[in-house]
Every structure is written in structure tokens, then in C-alpha cells.
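All values below come from the heavy atoms of this structure, side chains included, with hydrogens, waters and symmetry mates left out.
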Amino acid sequence: MSSWRDNVRSVEPYTPGEQPKEENVIKLNTNENPYPPSQKVKEAMAEIKNLRKYPDPAASDLTGAIAAYHGFDKDEVFVGVGSDDVLAVAFMTFFNGKKPVFFPDITYSFYPVWADLFKIPFDTKALDDEFKIIPQDYYGENGGVVFPNPNAPTGAALSLDVIEDIICHNQDVVVIIDEAYVDFGADTAKELTRKYENVLVVQTYSKSRSLAGLRIGYAIGNKELIKAMNDVKYSYNSYTMNEPSIVMGKAVLADEDYFQETRKKIIETREWFKEEMKKIGFSFADSKANFIFAAHESVAAKEIFEAAKKNKIYVRYFDKPRINNYLRITIGTKQEMEVLLDFLKKYVKR
Ligand SMILES: *Cc1c(COP(=O)(O)O)cnc(C)c1O
């Protein structure tokens with residue numbers, strides 16, 4: 001007996017962080033920016049017209065603005081519905097070989113989900129004991145390479161030299177560098193896309209521009225890569241970018257001062273928070289992102305996670321091998337971090 005069930009694509013979906021419904025919580029579990037988006041976004045709302053019509057399928061205004069901001073041509077930029085969309089299109093477009101795609105064992109947990117969804121073989125490479133990527137692990141034959149810089153959920157960043165070394169050893173495949181957190185202190189590899197035709201750099205508005213709700217992500221790469229991604233995109237949905245996102249996404253780039261100000265505030269809070277956390281027995285990789293990934297010397301992470309939640313403080317906990325004694329804590333405002341610290345100080349001393 002055959003059933004329609006035999007033909008269902010079965011996948012285990014990615015689990016995003018919890019979005020609590022209760023009010024007055026301190027939410028440090030999904031790496032959102034604690035500051036509101038630029039005022040320019042509000043001003044731009046008045047310019048949203050023509051919702052009766054389909055949007056420009058190429059989102060040219062937005063693509064052009066992002067390209068100009070970064071010093072690239074319009075046809076070197078691909079825009080998508082958050083960088084999750086951009087990464088999914090990139091996986092679909094570039095990872096079609098028989099050899100496994102390489103990525104770290106501890107990394108963005110969406111990578112294995114896309115690989116399974118698109119039936120891409122993959123092989124994970126273990127980070128070292130300090131949660132660092134070992135470049136030599138990526139020298140072997142593969143069908144592509146992808147890693148975030150800084151890595152998630154560890155926050156550890158690679159230098160451009162190490163990134164270029166990985167690229168040099170992988171010139172026959174596409175290398176994707178996921179820079180979701182790059183604005184918080186790591187070096188962008190975007191200039192390497194001019195030197196290497198096989199490199200794609202992916203960034204997002206969700207973290208450093210306080211616009212997770214707008215859903216804008218983009219990739220920078222050479223024209224041929226970008227065209228291939230657009231061909232794939234136009235083959236399943238021409239209108240991924242909606243008109244409000246195009247208009248507001250363009251406007252926000254004009255507010256560089258606000259971007260720099262909020263970015264710096266988060267970096268300052270993070271550095272202060274690191275020092276305070278060390279004093280109470282936490283250790284962590286030196287994060288260059290808007291979160292730290294911390295373990296306590298004596299109290300189990302899971303226990304802290306649950307107790308914090310009871311106190312309306314949400315952090316992220318992954319019940320997975322190697323990382324099940326760590327908490328990923330988003331850097332919020334200084335006040336939010338003070339509340340968390342007060343709670344932790346009392347809790348870990350018990
Ligand atoms: C948050 C995140 C993304 C995706 O963010 P979008 O909101 O879809 O732009 C991609 N990669 C990593 C590593 C992330 O943490």
C-alpha cells in the first residue's frame with residue numbers, strides 16, 4: 001500500500017529562540033539589538049506608496065543603496081528576506097556537488113537544516129577546545145565551505161589572514177562567510193570578494209541595524225555568483241522583497257551616525273559585561289559579537305537558564321553535546337545587563 005506520506009519531504013526544522021508572550025521580560029535570547037531602529041525608518045514609512053502594485057522584483061532601490069554603501073556595483077549584491085533567505089538561496093545555488101560541504105561542528109544550527117532540506121551532503125569539522133576553527137580542517141576536498149565570522153553561538157572571530165588561508169585552499173568551490181555579527185568587532189571579508197571570484201559574504205540588518213522585524217539580508221560577491229543566485233530566486237518567487245522593506249531598508253543606510261552610536265554602545269556594554277562575568281566565575285571565548293557564550297565554574301548552565309527564566313530573564317540554552325553547559329547571552333542595554341548580573345551574582349553563590 002502506498003501513501004501520499006511516502007512522498008512528503010521530511011525534515012527536522014530549525015528551532016528559533018523563544019519569543020515570550022509575557023510582558024516585562026528581559027529578552028537576551030535571540031541576539032536582537034536592544035536599541036530601536038533609526039528614526040529614518042519611521043520617516044520612510046510615509047514614502048511607502050503603491051502597495052496596489054507588485055514591488056520591483058530586483059528591489060533595485062535597496063540593492064543599489066546597499067551596493068553604494070559598501071562600495072560595490074549593484075550587480076555584485078543580492079538582497080533577500082533576512083540573511084536566512086540569502087543563505088538558503090546560496091546553499092541551493094552553490095552546493096550541488098557530490099562532495100560534502102564543510103562547516104564547524106559548533107555553529108549556526110540552520111546550516112545542517114538547509115543541507116538536509118536541499119539534500120546536500122555535509123561534514124562538520126570540530127572546533128578546538130577553545131572553540132576556535134582549525135583552518136587545516138578545511139583543506140580537504142569538499143563541495144563548499146560555510147562558516148560565520150564571528151562564529152555563532154561562540155562569538156569567536158577569525159582574522160582576515162586565516163579566512164584568506166581557508167579561501168586559498170578552496171578555490172574550486174564556493175566559500176560563504178556569514179557575517180551576521182561582523183559589525184560588533186570582527187573584520188569583514190567583503191574586499192576578498194574582489195580578489196576571489198568564489199567568495200560570498202553575507203550580512204544582515206537584523207542585528208547591528210536593529211531591524212530583525214523588517215527581514216533584510218544581503219550577499220556581496222562577484223557578478224557571476226550574484227546572477228546565479230538571482231536565477232535561482234526568480235525560479236521560485238519573483239517578489240521576495242516587499243515594498244515597505246525596500247523603502248525602509250534603503251532609508252536606514254542614510255543614518256550612519258546612529259548606526260555607529262548603537263554599535264559602539266553594544267561593544268562597550270559587552271566589554272564591561274565580560275569583566276563582570278569573569279569576577280563571578282564565568283568563562284567564555286573572547287566574543288566579537290553581540291552576545292557571549294559563557295559557562296560557570298560550578299553551576300550548571302541548564303539550571304541557571306531555567307532559574308533566570310523564572311525571573312523573567314530569557315537567555316539561550318542549547319541542549320547539545322559539547323555546548324550543554326553554556327549559555328548564550330545577548331548583550332542588551334547596560335540596565336538590562338545589570339539586572340541579569342544581579343540575578344547571577346545571587347544565583348551562583350547560593
Ligand atoms: C541571526 C543570524 C542569521 C540570520 O539572520 P536574519 O535575521 O535572517 O538576517 C544568519 N546567520 C547567523 C549566524 C545568525 O546568527
*Is Glu275 salt-bridged to Lys278, going by a charged N under 4.0 Å from an acidic O?*
yes
*asked:* Less than 6.0 angstrom separating the ring centers of Phe293 and Phe284, yes or no?
replied: no
_Closest non-hydrogen atom pair, Pro244 against Leu51_ = CD-CD2, 3.8 Å
*asked:* Consider side chain to side chain donor-acceptor pair (under 3.5 Å). Of Thr124, Asn151, Thr154, which one does Thr107 pass it with?
replied: Asn151
_For Ser210, side chain to side chain donor-acceptor pair (under 3.5 Å) partners two or more places apart_ = Asn33
*Decide yes or no for Val348 and Ile304: does some side-chain heavy atom of the first lie under 4.5 Å from some side-chain heavy atom of the second?*
yes
*Take Ser245 and Asn242 through the test side chain to side chain donor-acceptor pair (under 3.5 Å) and record every step on the way to the result.*
CA-CA 6 Å; Ser245 291; Asn242 64 69; 3.2 Å; yes
_I need the Ser287 OG to Ile329 CD1 distance, nearest 0.5 Å._
11.0 Å
_Validation row: Cys168, Tyr139 side chains within 4.5 angstrom (heavy atoms)_ = no
_Side chain proximity check, Leu127 to Asp105, heavy atoms < 4.5 angstrom_ = yes
*Is there a donor in the side chain of Asn198 and an acceptor in the side chain of Asn170, or the other way round, less than 3.5 Å apart?*
no
_Just by distance, no angles: are the side chains of Lys207 and Thr204 close enough, under 3.5 Å, to form a donor-acceptor pair?_
no
*Check the surroundings of atom CD in Glu197: do more than 12 heavy atoms from other residues, nucleotides or ligands lie under 6.0 Å from it?*
no
*Does a salt bridge link Lys227 with Asp75, judged by any charged N lying under 4.0 Å from a carboxylate O?*
no
*Counting N and O atoms only, with roles assigned by atom type, does the side chain of Glu336 sit under 3.5 Å from a partner on the main chain of Thr333, one being a donor and the other an acceptor?*
yes
*Between Lys74 and Ser60, which heavy-atom pair has the shortest distance, and what is it?*
CE-O, 3.3 Å
_Lys125 to Phe102 six-membered ring, cation-pi geometry met (6.0 Å, 45°)_ = yes
*Worked check of side-chain contact (heavy atoms from CB on, under 4.5 Å) between Val201 and Gln203*: CA-CA 7 Å; Val201 167; Gln203 297 190 353; 4.2 Å; yes
_So does Val252 get a backbone contact from the side chain of Asp255, meaning a donor-acceptor N/O pair under 3.5 Å?_
no
*Are side-chain heavy atoms of Ile323 and Phe131 found at a separation under 4.5 Å?*
yes
_Are more than 12 heavy atoms, taken from residues, nucleotides or ligands other than Glu18, located less than 6.0 Å from that residue's CD atom?_
yes
*Apply side-chain contact (heavy atoms from CB on, under 4.5 Å) to the pair Glu261 and Asp257, showing each step before the final yes or no.*
CA-CA 6 Å; Glu261 183 192 315; Asp257 288 351; 5.7 Å; no
_Residue pair Ile313, Val25: steps toward the side-chain contact (heavy atoms from CB on, under 4.5 Å) verdict_ = CA-CA 6 Å; Ile313 304 170; Val25 302; over 6 Å; no
*Taking only residues two or more places apart in sequence, or in another chain, which ones meet Tyr181 in a ring-ring contact (aromatic ring centres under 6.0 Å, His included)?*
Phe291
*Would you call Ile280 and Leu344 a side-chain contact if the rule is heavy atoms closer than 4.5 Å?*
yes
*Between Tyr314 and Gln19, does any side-chain donor sit less than 3.5 Å from a side-chain acceptor?*
no
*Any donor-acceptor pair under 3.5 Å linking the side chain of His296 with the backbone of Ser298?*
yes
*On the ring face of Tyr317, is Arg328 found with NZ or CZ under 6.0 Å from the centre and within 45° of the axis?*
no
_Testing the basics here: between Val113 and Ser109, what is the closest heavy-atom pair and its distance to 0.1 Å?_
CG2-O, 3.4 Å
*Please name the pair of heavy atoms, one in Ile166 and one in Val145, separated by the smallest distance, quoted to 0.1 Å.*
CG2-CG1, 4.4 Å
*asked:* I'd like to know if Ile292 and Leu341 are part of one continuous hydrophobic network [Ile/Leu/Val/Met/Phe/Trp/Tyr, side-chain heavy atoms within less than 4.5 Å].
replied: yes
*Could you check if a side-chain atom of Leu200 sits within less than 4.5 angstrom of a side-chain atom of Ile220, using non-hydrogen atoms only?*
no
*Indicate, with yes or no, if the rings of Tyr111 and Phe122 have centres closer together than 6.0 Å.*
no
*Can Lys274 and Asp286 be counted as an ion pair, charged N to O under 4.0 angstrom?*
yes
*Check whether more than 12 heavy atoms from other residues, nucleotides or ligands sit under 6.0 Å from atom CG of Asp319, and answer yes or no.*
yes
*Are there more than 12 heavy atoms of other residues, nucleotides or ligands under 6.0 Å from atom CD of Glu141?*
no
*Within 45° cone of Tyr35 ring axis and under 6.0 Å: Lys265 NZ or CZ*: yes
_So for atom CG, which belongs to Asp172, do other residues, nucleotides or ligands contribute more than 12 heavy atoms lying within a distance under 6.0 Å?_
no
*With sequence neighbours left out, write down each residue that passes side chain to side chain contact (heavy atoms under 4.5 Å, CB included) with Tyr54, or none if nothing qualifies.*
Tyr239
*How far apart are the closest heavy atoms of Gly249 and Leu62, and which atoms are they?*
C-CD1, 3.4 Å
*With a cut-off of 6.0 Å (strictly less than), are more than 12 heavy atoms of other residues, nucleotides or ligands near NZ of Lys250?*
no
*asked:* Would a single hydrophobic cluster contain both Ile177 and Val86, if residues Ile, Leu, Val, Met, Phe, Trp and Tyr are joined by side-chain heavy-atom contacts under 4.5 Å?
replied: no
*asked:* Side chains of Asn29 and Lys27 only: does a donor on one sit below 3.5 Å from an acceptor on the other?
replied: yes
*Counting heavy atoms not belonging to Glu297, are there more than 12 under 6.0 Å from its CD?*
yes
_Looking at every heavy atom in both Lys288 and Arg270, which two are closest together, and how far apart are they?_
C-NH1, 3.1 Å
*Just do the side-chain contact (heavy atoms from CB on, under 4.5 Å) check on Leu327 and Arg316 with the steps written out, would you?*
CA-CA 6 Å; Leu327 298 169; Arg316 189 95 191 252; over 6 Å; no
_With a 3.5 Å distance limit and no angle check, can you tell me whether Glu47 reaches the backbone of Ala44 through a side-chain donor-acceptor pair?_
no
*For Glu43, look at atom CD and say whether over 12 heavy atoms of other residues, nucleotides or ligands are found less than 6.0 Å away.*
yes
